[in-house]
There are 2 protein chains.
Amino acid sequence: MGRGRVTLKRIENKINRQVTFSKRRSGLLKKAHEISVLCDADVALIVFSTKGKLCEYSTDSAMERILERYERYSYTEKQLNTTHHETQGSWSLEYAKLKSRIELLQKTQRNLMGEELDSLSLKELQNLEQQLDTALKHIRLRKNQLMLESISQLQKKDKEMQDQNNSLSKQIKEMEKEIPIHHQKHEIKPSFQLDILDNRNICEEARMDCEVEKNPRQNQIATVMPPWMVQHMNK
Amino acid sequence: MGRGRVTLKRIENKINRQVTFSKRRSGLLKKAHEISVLCDADVALIVFSTKGKLCEYSTDSAMERILERYERYSYTEKQLNTTHHETQGSWSLEYAKLKSRIELLQKTQRNLMGEELDSLSLKELQNLEQQLDTALKHIRLRKNQLMLESISQLQKKDKEMQDQNNSLSKQIKEMEKEIPIHHQKHEIKPSFQLDILDNRNICEEARMDCEVEKNPRQNQIATVMPPWMVQHMNK
DNA sequence: ATATCTATCTATAACGA
DNA sequence: TTCGTTATAGATAGATA
């Protein structure tokens, strides 16, 4: 850039270094903002100058949110162990950190629950909407997975019972033959027949809800919880 | 860069956006590294793509150190307002309390974002689903309210300008009558005509988004970087 | 997605005020 | 330190493989 090729090496001249820093810093911030807008990315940029001056940029000015996202993404567990080792340090600082963190979490959570939306910009609202849409999709997938599992369990159980019933009724027939007393014949037409049909229907519905995924709004299928499921599902 | 000037607006074409993201991301990382080396600065850069992929750079690969430095720097100010009044008492107890509270909040939040669903029962999932459905409804209401407000503001402004333009052109006509010099007639065809059309389009889009809920990501709004952001970000 | 190429558009080093 | 200017080095959009 400019006169002469750039060498990737610390600029020794203090003045030049400061000037270059100032210029490149604005360039960097601009680029960060551009990629954020053009490509719809979440960007957090923190720059400390040699002299310790801080300069930052973050998408939607949501530095804390992005840093939290980062922490969650890269090492969820680590942070739980990192704070206590600074025991001799200023507790008050740690305390303040935690407290403001809680505040942030609470605010975020309220927003996630559709509350206190007045302070949000249009863009933030759209991000939130997208976030929740995705979340709902995941939740519905998981829900359907659970339902399908329970259905196949029930079907398996059904089959076992049917077999058992068959063998039992066979056994009874044998007994009737061997002891030909004039008893009435027991009509063995168990009710499980009906259950099987029910399960098949439910199963198909669940599959549709699970796989189609086209328009999430359309599949709202206010899933009514079948009574039979309540019993078995809760672990 | 390249053919045609860059417009600071979300790239709508998904492919182009992804490609541009990829290219600019490496450019941004390079710039971050350069300023870090050339100017001896501490830099931390975090980028999440639209699809949630993480990409990071940090001076000396010391992301944690820099983020802590950042937190220390930015919390120092808050500390003054939050801590001094609780000087005695067992810090460790308070601290533990806060920490467990944070963990709870984080778990809840992850669930709200559709993550870590495996530990939830079917019933809990259904509650969550309903919660998010309601939240989404509120958010969409608020979003549309905002959009409609901005639309009516724009329309009002339009009308004002139209009136103003009308009176101005009337004034000009008067002047031309009174001073009948052989000037060319100024074609008064103000541009507000176009503005009106634009607003109507926006309005319709908003209504569609409002009722049909198509693809929320499509309606991103071009955000121009305010000048104050480029320079002097931090004081 | 990744790489290369090219025409253009940007960023910026050096310098001066 | 901070502009403004200018000559160049760099970055990158679009096309293509």
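Remember, predicted model here, so these are calculated numbers, not experimental data. Residue numbers begin at 1 in each chain, while the letters A, B, ... track the order of the sequences.
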field: Distance, rounded to the nearest Å, where B:Phe21 contributes CZ and D:dA11 contributes C1'
entry: 17 Å
- request: Specify the separation, in whole Å, of atom NZ of B:Lys53 and atom C1' of C:dT2.
  value: 12 Å
Distance in angstrom units between B:Arg25 CZ and D:dA11 P, rounded: 16 Å
message: Checking B:Arg17 now: which residues fulfil salt bridge (Lys or Arg N to Asp or Glu O under 4.0 Å) with it, not counting sequence neighbours?
response: none
5' precedence on DNA chain D between A:Lys23 and A:Lys51 (nearest-nucleotide basis): A:Lys51
message: On DNA chain D, compare the nucleotides closest to A:Gln18 and B:Val19; which residue's is nearer the 5' end?
response: A:Gln18
- prompt: When the distance from CZ of A:Arg17 to P of C:dA13 is rounded to whole Å, what number comes out?
  reply: 14 Å
Atom-pair distance (CG on A:Asn16; C1' on D:dT2), nearest Å: 15 Å
- prompt: When the distance from CG of A:Leu28 to P of C:dT12 is rounded to whole Å, what number comes out?
  reply: 9 Å
- prompt: Are A:Gln153 and A:Ser150 close enough that a side-chain donor and a side-chain acceptor fall under 3.5 Å?
  reply: no
message: I'd like to know if B:Lys31 reaches the base of D:dG10 with its side chain such that a donor and an acceptor end up less than 3.5 angstrom apart.
response: no
message: Could you tell me the Watson-Crick or G-U partner of D:dG14, where both distances fall under 3.5 Å? Say none if there is no partner.
response: C:dC5
task: Calculate the interatomic distance between A:Leu38 atom CG and D:dG14 atom C1'; express it in whole Å.
output: 15 Å
message: Measure CD/A:Glu34 against C1'/D:dG10 and give the value in whole Å, please.
response: 14 Å
